[in-house]
Amino acid sequence: MTHEEVKTMVESIGFPSAYHHFAQGESPDPPFVVYLYPNADNFAADGIVYFSVNVLNIELYTDKKDPDVEAQVEAVLTENGIYYEKSEVWIESERLYEVLYEMEV
């Protein structure tokens, strides 16, 4: 999946989104989405990268637990045939929930 395809997929979720972060003071009201490639999990052969695989994180931020909003993200991932792992944390300093979707593209 190219970066443009990832960007289009993330935008189709329907919430404000940004790559890596919003500029300081420009963060929208929740829910919103941030996506980034924290690392790669490449396949090597003959001492070179034979097949490149990027790890993609999609971070959903909400001010309250909202299974319907999570289902909206998960529906887009499923429609795109993406297997994901999911975790959740409460960020006290931001007073936001972060639901993290981790996948490879």
### Message
A side-chain contact here means heavy atoms from C-beta on lying under 4.5 Å apart; do V34 and E98 qualify?
### Response
no
### Side chains of M9 and E79 in contact at under 4.5 Å (non-hydrogen atoms)
no
### Query
Hey, are the side chains of E5 and V105 touching, using non-hydrogen atoms and a 4.5 Å cut-off?
no
#### Entry: ILVMFWY cluster, V99 and V89 together (side-chain gap under 4.5 Å)
yes
### Task
With rounding to the nearest 0.5 Å, note down the distance linking CD1 in I91 to OH in Y61.
5.0 Å
### Same cluster (ILVMFWY, side-chain, under 4.5 Å), I58 and Y37
yes
### Summary
Value for CG (D41) from CG (N54), rounded to nearest 0.5 Å, stands at 10.0 Å
### Task
Report yes if the side chains of E88 and L100 come closer than 4.5 Å at any heavy-atom pair, otherwise no.
no
#### Entry: Contacts of Y101 that satisfy ring-ring contact (aromatic ring centres under 6.0 Å, His included) - sequence neighbours left out
Y84
#### Entry: Residue pair M1, I82: steps toward the side chain to side chain contact (heavy atoms under 4.5 Å, CB included) verdict
CA-CA 10 Å; M1 194 171 231; I82 295 178; 4.1 Å; yes
#### Entry: Separation of T2 OG1 from K7 NZ (nearest 0.5 Å)
11.0 Å
### Task
Kindly state whether the ring of Y19 and the ring of H3 have centres lying under 6.0 angstrom apart.
yes
### Query
How about L60 and P31: do any of their side-chain heavy atoms sit closer than 4.5 Å?
yes
### Query
Which value, rounded to the nearest 0.5 Å, describes the distance between H20 atom NE2 and E59 atom CD?
8.5 Å
### Message
As an exercise, state the distance from NZ of K64 to OH of Y97, rounded to the nearest 0.5 Å.
### Response
11.0 Å
### Message
Can you list everything that forms a side chain to side chain contact (heavy atoms under 4.5 Å, CB included) with S17? Sequence neighbours excluded, please.
### Response
V10, E11, V33
### Summary
Rounded to the nearest 0.5 angstrom, the CD1-CD distance for I13 and E74 is 10.0 Å
### Query
Between W90 and E92, which heavy-atom pair has the shortest distance, and what is it?
NE1-OE1, 2.8 Å
### Query
Would a 4.5 Å heavy-atom cut-off, applied to side chains only, mark Y83 and E85 as touching?
yes
### Query
Does F43 share a hydrophobic cluster with V49, counting links as ILVMFWY side-chain heavy atoms below 4.5 Å and allowing steps through other members?
no
### Query
Does any non-hydrogen side-chain atom of L56 lie less than 4.5 Å from one of Y35?
yes
### Query
Looking only at heavy atoms, what is the nearest atom pair of Y50 and A45, with distance?
CB-CB, 3.6 Å
#### Entry: E102 side chain near K86 side chain, heavy-atom distance below 4.5 Å
no
### Over all atoms of both residues, closest heavy-atom pair of L96 and P30
CD2-CG, 3.7 Å
